[in-house]
Asks: 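Take a look at the following structure, please.
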Amino acid sequence: MISLDDIRSAAAVIAPHVVRTPLLQFGPGWLKPENLQPIGAFKLRGALNALARLENRANGVVAYSSGNHAQAVAFAARLHGVPAAIVMPSNTPAVKIEATKALGAEVFIVGITERVERAEALVAERGAALIPPFDHPDVIAGQGTIGLEILEDLPEVDAVVVPMSGGGLISGVATAIKALKPDVRVIGAEPALAADIADSLRQGELIRWDPVDRAQTAADALRDEPSALTWEHISKLVDDVITVTEDEIFAAMAGLVRGARLITEPSGAVAVAAQTKLGGGVAVVSGGNVDPALLVRVLRA
């Protein structure tokens with residue numbers, strides 16, 4: 001498992017390139033708007049930390065992603081002047097694919113169960129380095145810097161609500177929170193249609209859901225499943241899970257636009273939907289790379 005020192009080291013590495021997002025008061029709680037990052041999502045933190053620590057990146061980097069990690073790795077690779085090849089599933093929103101290409105990455109579109117296999121093949125073909133979306137200590141440590149910032153800005157916080165999927169974000173945030181203030185509750189938030197972690201915590205072991213079933217949620221960035229590494233963090237550090245329906249996610253998206261002037265994608269609104277049920281705490285707004293047509297439909301509903 002990663003340590004508080006790993007997260008503090010990551011904070012120093014990424015500080016010149018990320019936005020130190022503020023806490024915004026919202027209803028009875030607070031928001032940590034990571035949708036304001038240069039690539040529109042928290043993923044930039046982990047990608048920057050991981051790429052900066054690569055000993056050999058001369059042959060470029062490879063990543064697989066449903067969209068936000070793709071943009072993060074493309075941004076970090078461009079910053080360091082190395083080529084990036086990104087494998088993305090066919091159900092990725094077009095807005096995320098085009099944004100990744102615009103950052104200079106080479107993009108490969110594959111079936112929803114073929115991302116890892118194709119990425120590993122590219123690594124072998126090119127001698128490139130793989131930067132996975134969550135299953136890596138440097139990626140987790142980068143995401144954990146969010147937890148440090150929350151505690152610095154709101155020392156009296158009693159709960160932090162974090163969206164979960166592959167688990168890199170909540171693993172890092174929970175590590176920081178529990179190391180510094182173990183009494184603060186770390187609450188995971190999941191779409192009910194992709195609630196494999198909630199299921200796993202109930203049963204006390206990692207339960208795998210069919211990826212086709214998880215793909216039913218509109219929260220496209222939350223369709224992954226945890227790795228052994230992230231499950232180790234989650235099972236030890238996460239206090240509870242709140243699941244939310246698709247309608248609750250869309251209502252949170254609309255509420256953020258109207259009440260906080262924040263544009264979020266469905267995945268970015270999941271923690272806010274869970275926060276509404278909790279009645280307070282800090283919700284991590286993980287991303288804002290929304291399909292414009294979907295946003296219009298949500299706001300017209």
Asks: I'd like to know if the side chain of Asp6 pairs up with that of Ser9 as donor and acceptor (distance under 3.5 Å, no hydrogens or angles considered).
Replies: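 Side chains of Asp6 and Ser9: no pair found under 3.5 Å.
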Asks: Going from CD on Gln37 to OG on Ser286, what distance comes out if it is rounded to the nearest 0.5 angstrom?
Replies: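 Answer rounded to 0.5 Å: 11.5 Å.
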Asks: Would you list the pairs meeting side-chain hydrogen bond (donor to acceptor under 3.5 Å, both in side chains) in which at least one residue belongs to residues 11-22, sequence neighbours left out?
Replies: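 Of all non-adjacent pairs touching residues 11-22, those that pass side-chain hydrogen bond (donor to acceptor under 3.5 Å, both in side chains) are Arg20-Glu152, Arg20-Asp153, Thr21-Lys32, Thr21-Glu34.
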Asks: For the residue pair Trp231 and Pro226, what are the closest heavy atoms and their distance?
Replies: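 Closest heavy-atom pair between Trp231 and Pro226: N-CB, 4.4 Å.
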Asks: Of Leu24, Ile263, Thr264, which is the lone residue that meets side-chain contact (heavy atoms from CB on, under 4.5 Å) with Leu256?
Replies: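 Exactly one pass, corresponding to Thr264.
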Asks: Check whether Arg214 reaches the backbone of Trp209 with its side chain - one donor and one acceptor, N or O, closer than 3.5 Å.
Replies: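 Yes.
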Asks: Keeping the roles fixed (side chain from Arg57, backbone from Ala77), state whether a donor-acceptor pair exists under 3.5 Å.
Replies: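 Pair absent, no side-chain N/O of Arg57 close to backbone of Ala77.
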Asks: If you group Ile, Leu, Val, Met, Phe, Trp and Tyr by side-chain heavy-atom gaps below 4.5 Å, do Val62 and Leu103 land in one group?
Replies: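 No.
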Asks: Given side chains that start at C-beta, do those of Tyr64 and Arg118 come closer than 4.5 Å, heavy atoms only?
Replies: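 No, their side chains stay 4.5 Å or more apart.
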Asks: Do Phe42 and Leu169 come within less than 4.5 Å of each other through their side chains, counting heavy atoms only?
Replies: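 Yes, their side chains come closer than 4.5 Å.
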Asks: Before you tell me yes or no, could you show the steps for Met88 and Thr100 under side chain to side chain contact (heavy atoms under 4.5 Å, CB included), namely the whole-Å CA-CA distance, both residues' side-chain angles and the distance that decides it to 0.1 Å?
Replies: CA-CA 10 Å; Met88 307 179 79; Thr100 304; 3.8 Å; yes
Asks: If you take all heavy atoms of Gly166 and Thr230, which pair is closest and at what distance?
Replies: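 In this case the closest contact between Gly166 and Thr230 is O-OG1, 2.8 Å.
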Asks: Taking only residues two or more places apart in sequence, or in another chain, which ones meet Ala271 in a side-chain contact (heavy atoms from CB on, under 4.5 Å)?
Replies: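 Residues passing side-chain contact (heavy atoms from CB on, under 4.5 Å) with Ala271: Val161, Pro163, Ala189, Ala283.
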Asks: Working note: Asp199 + Ile197, criterion side chain to side chain contact (heavy atoms under 4.5 Å, CB included); need CA distance, chi angles, decisive distance, verdict.
Replies: CA-CA 5 Å; Asp199 193 9; Ile197 300 179; over 6 Å; no
Asks: Which value, rounded to the nearest 0.5 Å, describes the distance between Glu225 atom CD and Arg208 atom CZ?
Replies: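 If I round to the nearest 0.5 Å, the distance is 4.0 Å.
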Asks: If we ignore hydrogens and angles and just use 3.5 Å, is the side chain of Thr145 paired with the main-chain N or O of Ala141 as donor and acceptor?
Replies: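 No, the answer is negative, given that no donor and acceptor are paired below the 3.5 Å cut-off.
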Asks: In the single-linkage hydrophobic clustering (I, L, V, M, F, W, Y; side-chain heavy atoms under 4.5 Å), do Val257 and Val296 co-cluster?
Replies: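 Each belongs to a different hydrophobic cluster.
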Asks: Any non-hydrogen side-chain atom of Leu180 less than 4.5 Å from a side-chain atom of Leu4?
Replies: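 In contact.
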Asks: Identify the heavy atoms of Pro22 and Pro33 that sit nearest to each other, and give their distance.
Replies: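 The pair with the smallest heavy-atom distance is O-CD, 2.8 Å.
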Asks: Which heavy atom of Ser66 sits nearest a heavy atom of Ala221, and at what distance?
Replies: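 The answer is OG-CA, 3.7 Å.
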Asks: Let me know which of Asp220, Asn35, Asn289 forms a side chain to side chain donor-acceptor pair (under 3.5 Å) with Asn68.
Replies: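 The single option meeting the side chain to side chain donor-acceptor pair (under 3.5 Å) with Asn68 is Asn289.
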Asks: Between Thr92 and Pro89, is any pair of side-chain heavy atoms under 4.5 Å apart?
Replies: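 Side-chain contact under 4.5 Å: yes.
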Asks: Is the shortest side-chain heavy-atom distance between Phe250 and Leu295 below 4.5 Å?
Replies: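 Not in contact.
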Asks: Could you give the distance from CD (Glu265) to CD1 (Ile249), rounded to the nearest 0.5 Å?
Replies: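 Here the interatomic distance stands at 11.0 Å.
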Asks: Decide whether Leu54 and Leu48 are clustered together by the hydrophobic rule: side chain heavy atoms of Ile, Leu, Val, Met, Phe, Trp, Tyr closer than 4.5 Å, transitively.
Replies: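 No; tracing contacts between hydrophobic side chains, which count when under 4.5 Å, never links both residues.
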Asks: Hey, does the side chain of Glu98 reach the backbone of Val95 with a donor-acceptor pair shorter than 3.5 angstrom?
Replies: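 No; judged by distance alone, with no hydrogens or angles, the pair does not exist.
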Asks: Going by the side-chain contact (heavy atoms from CB on, under 4.5 Å) test, name the single residue among Leu222, Val284, Thr243, Thr217 that passes it with Val270.
Replies: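 Single pass found, and it is Leu222.
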Asks: Tell me whether Arg115 contacts the main-chain N or O of Val110 through its side chain, where contact means a donor paired with an acceptor under 3.5 Å.
Replies: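 Looks like no, no N/O pair under 3.5 Å.
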Asks: Does any N or O in the side chain of His80 come within less than 3.5 Å of the main-chain N or O of Val82, such that one atom is a donor and the other an acceptor?
Replies: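 Flag not set: sc His80 to bb Val82 has no pair under 3.5 Å.
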Asks: Applying the 4.5 Å side-chain criterion to the ILVMFWY set and letting contacts propagate, would Leu229 and Val238 be lumped into a single cluster?
Replies: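 Yes, because Leu229 and Val238 connect within a single hydrophobic cluster, where side-chain heavy atoms sit under 4.5 Å apart.
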Asks: What I want to check is whether the side chains of Asn49 and Arg53 have a donor and an acceptor closer together than 3.5 Å.
Replies: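 Short answer, yes.
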Asks: Take Leu130 and Val61, measure what side chain to side chain contact (heavy atoms under 4.5 Å, CB included) needs, and give me the verdict at the end.
Replies: CA-CA 6 Å; Leu130 178 68; Val61 294; over 6 Å; no
Asks: Measure across Ala85 and Arg126 and return the closest heavy-atom pair with its distance rounded to 0.1 Å.
Replies: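 Here Ala85 and Arg126 meet closest at CB-NH1, 3.5 Å.
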Asks: In the structure I gave you, are the side-chain heavy atoms of Arg185 and Asp158 within less than 4.5 Å of one another anywhere?
Replies: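 Result no, sub-4.5 Å side-chain heavy-atom pair not found.
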Asks: Under the criterion side chain to side chain contact (heavy atoms under 4.5 Å, CB included), I'd like the reasoning laid out for Val290 against Met253: C-alpha separation, chi angles, the key distance, then a yes or no.
Replies: CA-CA 10 Å; Val290 62; Met253 287 176 65; 3.9 Å; yes
Asks: Count the heavy atoms belonging to other residues, nucleotides or ligands that lie under 6.0 Å from CD1 of Ile234, then report whether that count exceeds 12.
Replies: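 More than 12 heavy atoms, drawn from other residues, nucleotides or ligands, come within 6.0 Å of this atom.
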Asks: Taking Phe134's backbone N and O only, do any of them form a donor-acceptor pair with His69's side chain (distance below 3.5 Å, no angle check)?
Replies: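 No; zero donor-acceptor contacts below 3.5 Å.
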Asks: Ignoring hydrogens and angles, tell me if any N or O in the side chain of Glu190 forms a donor-acceptor pair with the backbone of Ala198 under 3.5 Å.
Replies: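 It does hold such a pair.
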Asks: Roughly how far apart are Leu51 CG and Ile131 CD1, rounded to 0.5 Å?
Replies: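 Going from CG on Leu51 over to CD1 on Ile131, the span is 4.0 Å.
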Asks: Taking the side chain as C-beta and beyond, is there a heavy-atom pair between Ile187 and Gln275 under 4.5 Å?
Replies: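 Of all side-chain heavy-atom pairs linking Gln275 with Ile187, none is under 4.5 Å.
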Asks: For the pair Asp239 and Lys178, evaluate salt bridge (Lys or Arg N to Asp or Glu O under 4.0 Å) and give the outcome as yes or no after the intermediate values.
Replies: CA-CA 10 Å; Asp239 295 294; Lys178 293 300 186 180; 2.7 Å; yes
Asks: Is it the case that more than 12 heavy atoms not belonging to Gln216 sit under 6.0 Å from its CD atom?
Replies: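 Above 12, so yes.
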Asks: Hey, could you give me the CD1/NZ distance between Ile150 and Lys181, rounded to the nearest 0.5 Å?
Replies: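 Ile150 CD1 to Lys181 NZ: 12.5 Å, rounded to 0.5 Å.
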Asks: Just by modelled atom types, is the Ile207 backbone N or O under 3.5 Å from a matching donor or acceptor in the Ser200 side chain?
Replies: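 Judged by distance alone, yes, a pair lies under 3.5 Å.
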Asks: Between Glu106 and Pro83, is any pair of side-chain heavy atoms under 4.5 Å apart?
Replies: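 The answer is no, as the side chains (C-beta and beyond) never meet within the 4.5 Å cut-off.
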Asks: Side chains of Ser165 and Asp224: any donor to acceptor distance under 3.5 Å?
Replies: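 No - no donor-acceptor pair under 3.5 Å links their side chains.
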Asks: Tell me whether Ile7 is reachable from Leu151 by hopping between hydrophobic residues (I, L, V, M, F, W, Y) whose side-chain heavy atoms are closer than 4.5 Å.
Replies: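 The answer is yes; both residues are in one hydrophobic cluster.
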Asks: At their closest point, which heavy atom of Lys43 faces which heavy atom of Pro133, and how far apart are they?
Replies: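 Lys43 and Pro133 have their closest heavy atoms at NZ-O, 3.1 Å.
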